[in-house]
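Below is one structure; the comments refer to it alone.
We count ligands from 1, going down the list as the structure has it; atoms in each ligand are counted the same way. Since we're looking at a predicted model, the values are computed, not measured.
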Amino acid sequence: MTKRDGPTRHIFITGGVVSSLGKGIATASIGRILVNMGFSVRIQKLDPYLNVDPGTMNPFQHGEVYVTDDGAETDLDLGHYERFLGTPCSKLSTVTSGRIYQTVLNNERAGKYNGGTVQVIPHVTDEIKKHIRALHAPDVDVVISEIGGTVGDIEGLPFMEAVRQFRHEAGREYCCCIHLAYIPYIKAAGEIKTKPAQHSVQKLREIGIIPDFLLCRAEKALGKSVKDKLALFCNVDLNNVIDLVDVPTSIYEVPQVLMRQGMDELLANRLRLPKRTCDMHAWDLMVGHIKKPKDTVRIALVGKYIDHQDAYKSVTESIDHAAYAHLLKAEIVRLESESLESDDWKKQLEGVDGILVPGGFGKRGFEGKLRAIRYARETGIPYLGLCLGMQAATIEFARNVLGLERANSTEMDEKTPHPIIVPMEAQKEFINAGILGGTMRLGAYTCTLPKKTSKAAKVYGGVDSVSERHRHRYEFNNAYRAQFEAAGLVFSGVYIPDAAKPEQSLVEIIELKDHPFFMATQAHPEFKSSPVKPHPLFRGFLGAAYKRKRGDAAGSKSEVGLPPV
Ligand code: GLN
């Protein structure tokens with residue numbers, strides 16, 4: 001809509017029965033459908049936990065920390081939103097109980113409640129509603145708010161109550177609630193069970209929310225009688241009971257699954273949106289590529305948290321996106337960096353076509369990462385380093401090419417005789433004072449690509465500068481730059497905070513001249529890749545990895561020009 005027809009519409013997405021049902025993906029898929037109908041959509045995650053943001057949370061518990069352009073450290077679902085919708089999120093897209101309470105308590109200390117008793121209702125719920133409304137803008141047609149956790153969680157109650165109030169105030173016809181529930185299949189009985197979903201809807205109704213749609217996550221398709229039962233007992237129109245059975249190949253099939261059940265029309269009708277055709281052409285084409293890879297390529301992901309599927313979510317997604325662009329399927333071999341410190345390290349790396357070291361913090365497994373990088377450098381296996389993966393690459397180079405024994409980052413060894421990686425000036429006070437939350441160098445910064453002939457400039461398509469997102473405290477120590485350059489390391493990307501003082505520039509990208517593909521960046525390019533617009537660095541890396549696999553000079557000539565979506 002150029003001029004919105006009526007007020008901003010709201011969609012609230014809640015979850016029931018169990019977590020890990022893919023609520024974020026379902027939310028993002030609904031967003032994509034609305035975008036493909038030509039609506040302007042904003043999307044947000046309301047997380048009931050008390051952390052002010054997920055920045056300080058352990059990836060092993062909570063998965064990766066996603067970073068927006070404006071420097072918010074957020075839940076990984078924002079990554080799904082950006083990848084599916086193709087539009088950047090901002091600080092407004094992430095709200096936690098911690099943030100809400102922090103604001104309310106600060107207000108109370110500042111006397112802003114005029115001596116009133118400060119309570120969950122109305123003060124906390126008002127603050128939540130304010131954050132929902134914060135996404136309103138004249139050109140925004142639909143705001144989607146996903147509520148973290150499952151209905152019945154104690155900490156989620158103020159959010160549910162806020163949703164109930166919001167619907168009441170904004171007009172029910174313009175707000176809808178979508179409930180995602182799990183419908184288990186009991187193998188021994190050979191039956192699909194609706195009771196857990198019924199109970200979770202009952203819990204919602206206790207709060208005063210009647211869902212308009214029921215998204216049913218299930219391993220097996222539901223069938224008419226199960227849907228009838230769910231509609232009757234959950235008080236939802238039969239057409240609005242949507243089957244979200246496991247997709248066979250890729251999460252990017254979920255919008256298609258919803259479309260096959262007429263989600264576009266159902267949503268438009270429910271929210272009184274103008275009827276629009278949902279153009280799925282480009283999306284279908286992309287999924288078609290994913291489903292028909294012509295070959296595979298093996299990428300080793302060397303990290304600290306390999307057991308947690310979501311710990312490197314954006315990285316694995318970006319590898320996949322780049323693989324699709326080459327009509328390939330990536331086989332990602334997750335290697336625990338600590339285990340590469342044992343004697344069989346070489347065996348673990350056998351047969352991989354590319355090695356990637358992602359971002360990370362702390363000492364554990366760091367030496368294993370250095371080993372993998374050395375192996376890539378010496379054997380010509382393509383290497384891509386991200387953030388800590390860049391810092392580690394310079395340390396490996398210092399130790400094994402420049403002969404600087406015990407070279408290290410002061411993050412890993414405060415007493416290193418060769419501090420190749422050191423705290424950024426602005427970070428020193430935070431490190432010394434131990435202030436961790438929200439204090440890193442965060443968000444988008446411009447990286448200048450000064451060398452036209454560098455591989456970085458080439459993979460980025462010949463541009464002079466790029467914008468990438470960051471999340472770090474340490475940087476390459478410029479005192480060592482000349483020594484590295486003399487030995488063949490190329491600094492092909494830099495951040496220049498002050499044009500008058502180029503010596504203050506910060507190393508952003510490094511590469512090796514005499515290597516098929518050895519590139520590393522201080523940034524997190526994985527936060528800017530999407531299935532329809534794979535990131536150039538990942539594309540270059542996957543292309544080189546496939547070239548290595550084929551052992552020929554042709555490399556991957558099959559890269560498809562994916563249509564912009
Ligand atoms: N620990 C390193 C730093 O803080 C790298 C951070 C990262 O990889 N995100 O600079």
Indicate the ring-plane relationship of [X] and [Y], choosing parallel, tilted or perpendicular according to the 30° and 60° boundaries.
X: Tyr460; Y: His535; answer: perpendicular
X: Tyr324; Y: His321; answer: tilted
X: His80; Y: Phe84; answer: perpendicular

Does Gly362, backbone or side chain, put an N or O under 3.5 Å from an N or O of ligand 1?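 No - when backbone and side-chain N and O of Gly362 are compared with those of ligand 1, no distance drops under 3.5 Å.
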Just distances here: any N/O of Gly359 and N/O of ligand 1 closer than 3.5 Å?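 By distance alone, the answer is no.
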Subset of ligand 1 atoms that lie under 4.0 Å from at least one heavy atom of [X]:
X: Glu411; answer: 1 (N), 2 (C), 3 (C)
X: Arg471; answer: 6 (C), 7 (C), 9 (N)
X: Cys387; answer: 5 (C), 6 (C), 7 (C), 8 (O), 9 (N)

For [atom], grab the closest protein heavy atom and report residue, atom and distance to one decimal in Å.
atom: atom 8 (O) of ligand 1; answer: Gly360 N, 2.8 Å
atom: atom 4 (O) of ligand 1; answer: Arg473 N, 3.0 Å
atom: atom 10 (O) of ligand 1; answer: Tyr474 N, 2.9 Å

Is a donor from one side chain sitting under 3.5 angstrom from an acceptor on the other, for Ser409 and Gln391?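 There is no such pair (donor and acceptor under 3.5 Å, judged by atom type) between the side chains of Ser409 and Gln391.
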Test of ring centre spacing under 6.0 Å for Tyr383 and Phe517: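 No: the rings miss the under 6.0 Å criterion.
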Identify whether NZ of Lys or CZ of Arg in Arg481 sits under 6.0 Å from the centre of the six-membered ring of Phe476 and within 45° of that ring's axis.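 Judged by the rule, Arg481 and Phe476 form no cation-pi pair.
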Candidates Gln522, Glu411, His524 - the one meeting side-chain hydrogen bond (donor to acceptor under 3.5 Å, both in side chains) with His472: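 With His472 as partner, Gln522, Glu411, His524 yield a single side-chain hydrogen bond (donor to acceptor under 3.5 Å, both in side chains), made by Gln522.
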With a 4.0 Å cut-off on heavy atoms, is His524 in contact with ligand 1?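 Yes; His524 lies near enough to ligand 1 that a heavy-atom distance drops under 4.0 Å.
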